[in-house]
Amino acid sequence: MAEELTVGRLVNTHGIRGEIKILSHTDFPEVRFAPGSKMLVIPADGSPKFEVIVESAREHKGMYIAKLKGYTNINQIEKYKGSLLKVPGDDLVELPENEYYFHQIVGCEVYTDQEADKPLGTITDILQPGANDVWVVKPAKGQDILIPVINDVVLDVDIAAKKITVHLMEGLLP
């Protein structure tokens with residue numbers, strides 16, 4: 001089974017009829033919290049995970065308030081506060097061309113168009129400072145290299161081979 005992806009956290013109850021507030025960790029809440037969607041609850045207390053089905057959900061003050069099938073009062077749902085909501089790793093929302101999930105990019109080897117046979121390093125993190133993302137590349141030795149994710153720099157992304165080819169513009173190397 002593929003790795004599970006976190007889509008939210010159950011942060012509090014809402015009212016007495018079994019609704020729960022969810023802090024979303026997904027770019028696709030309209031898909032993840034849609035009626036009929038299935039998710040796994042990973043209880044904060046370490047008890048076994050279990051599947052839930054969304055009956056209804058609505059956005060409210062930056063969070064989602066969801067009603068889960070089978071939960072009709074506050075006492076049934078309150079014990080799950082702090083639990084994570086996950087989906088199977090293969091249950092991905094399809095992205096437009098040339099867009100990738102973070103977990104697909106982190107761990108990729110980066111090569112330059114000048115030295116296509118020698119890796120520059122491995123992507124260890126993705127920063128989101130504003131206009132564009134920045135990949136943090138850890139070389140075999142030396143300090144991290146920050147690669148802006150822009151068309152002039154990123155030439156090719158091969159997710160299957162975990163290989164990314166970049167063009168190093170002047171000033172990118174420390």
Between the OG1 atom in T165 and the NZ atom in K163, the distance rounded to the nearest 0.5 Å is 5.0 Å
Those residues at least two apart in sequence (or on a different chain) that pass salt bridge (charged side-chain N to carboxylate O under 4.0 Å, His left out) with K138 are D144
Quick note, ring-ring contact (aromatic ring centres under 6.0 Å, His included) partners involving residues 71-91, not counting sequence neighbours, are F50-Y80
Scanning both residues in full, the closest heavy-atom pair of V134 with P129 reads CG2-CG, 3.9 Å
Do I53 and K38 pass the side-chain contact (heavy atoms from CB on, under 4.5 Å) test, and can you show the C-alpha distance, the side-chain angles, and the key distance before you say yes or no?
CA-CA 5 Å; I53 299 173; K38 296 178 181 179; 3.9 Å; yes
More than 12 heavy atoms of other residues, nucleotides or ligands under 6.0 Å from NZ of K162: yes or no? yes
Query raised in the report: Within the side chain of T26, is there an N or O that forms a donor-acceptor pair under 3.5 Å with the backbone of F28?
Result: yes
Q.
Taking the side chain as everything from C-beta on, heavy atoms only, tell me whether E55 gets closer than 4.5 Å to L68.
A. no
Output for pair (R32 CZ, L5 CG), nearest 0.5 Å, gives 7.0 Å
So NE2 of H60 and NE2 of H14: to nearest 0.5 Å the spacing works out to 5.5 Å
Quick one: does L23's side chain get under 4.5 Å of H25's, heavy atoms only? yes
Note: S83 and V41 closest approach over all heavy atoms is CB-CG1, 3.8 Å
Closest heavy-atom pair, G62 versus E59, reported as atoms and distance to 0.1 Å, is CA-OE2, 4.4 Å
Interatomic distance, CG@L85 vs OH@Y64, rounded to 0.5 Å, equals 13.5 Å
Mind checking whether M63 and V7 sit in one hydrophobic cluster, side chains of I, L, V, M, F, W, Y counted as touching below 4.5 Å? no
State yes or no: do L10 and V52 share one hydrophobic cluster built from I, L, V, M, F, W and Y residues joined by side-chain heavy-atom distances below 4.5 Å, directly or via other members? yes
OG1 (T72) and CD1 (I16) are apart, to the nearest 0.5 Å, by 10.5 Å
Determine whether I105 and I126 make a side-chain contact, defined as any pair of heavy atoms from C-beta on separated by less than 4.5 Å. yes
Would you say that more than 12 heavy atoms from the other residues, nucleotides or ligands in this model lie under 6.0 Å from the CG of D45, or not?
yes
Shared hydrophobic cluster for I77 and V11 (ILVMFWY, side-chain gaps under 4.5 Å): no
P48 meets the side-chain contact (heavy atoms from CB on, under 4.5 Å) criterion, sequence neighbours left out, with none
*How about V87 and M39: do any of their side-chain heavy atoms sit closer than 4.5 Å?*
yes
Checklist entry - With a 4.5 Å limit on heavy-atom distance, are the side chains of L168 and L120 in contact? => result yes
(Q) I'd like to know whether F33 forms a side-chain contact (heavy atoms from CB on, under 4.5 Å) with S24, so could you lay out the CA-CA distance, the side-chain angles of the two residues, the decisive distance to 0.1 Å, and finally the verdict. (A) CA-CA 9 Å; F33 308 132; S24 175; 3.8 Å; yes
By salt bridge (charged side-chain N to carboxylate O under 4.0 Å, His left out), K141 pairs with (sequence neighbours left out) none
Here the ring-ring contact (aromatic ring centres under 6.0 Å, His included) pairs for residues 102-121, sequence neighbours left out, are Y101-H103
query = Are the side chains of V137 and T122 in touch, meaning some heavy atoms are under 4.5 Å apart?
reply = no
Charged N to carboxylate O below 4.0 Å: is that the case for E19 and R58? yes
Tightest non-hydrogen contact, residues I123 and V110, listed as CG1-CG2, 3.5 Å
Taking C-beta and beyond as the side chain, do K49 and E4 meet within less than 4.5 Å on heavy atoms? yes
Residues G70 and Q76: closest non-hydrogen pair is O-NE2, 3.6 Å
Here the pair of heavy atoms bringing P148 nearest to N132 is CB-ND2, 3.7 Å
How far apart are the C-alpha atoms of L146 and V136, what are their side-chain angles, what is the distance that settles it, and do they pass the side-chain contact (heavy atoms from CB on, under 4.5 Å) test? CA-CA 5 Å; L146 301 178; V136 179; 3.7 Å; yes
Interatomic distance, CD1@I22 vs CZ@R9, rounded to 0.5 Å, equals 12.5 Å
If you apply the rule side-chain hydrogen bond (donor to acceptor under 3.5 Å, both in side chains), what do you find for T13 with E78, and how did you get there? CA-CA 6 Å; T13 56; E78 189 170 33; 5.0 Å; no
Treating Ile, Leu, Val, Met, Phe, Trp and Tyr as nodes and any side-chain heavy-atom pair under 4.5 angstrom as an edge, say whether I145 and V157 lie in one connected cluster.
-> yes
Sorted by chain and residue number, the side-chain contact (heavy atoms from CB on, under 4.5 Å) partners of V149 (sequence neighbours excluded) come out as D133, W135, V154
* To do: Measure the shortest side-chain to side-chain distance between V106 and T124 over non-hydrogen atoms and say whether it is less than 4.5 angstrom.
  => no
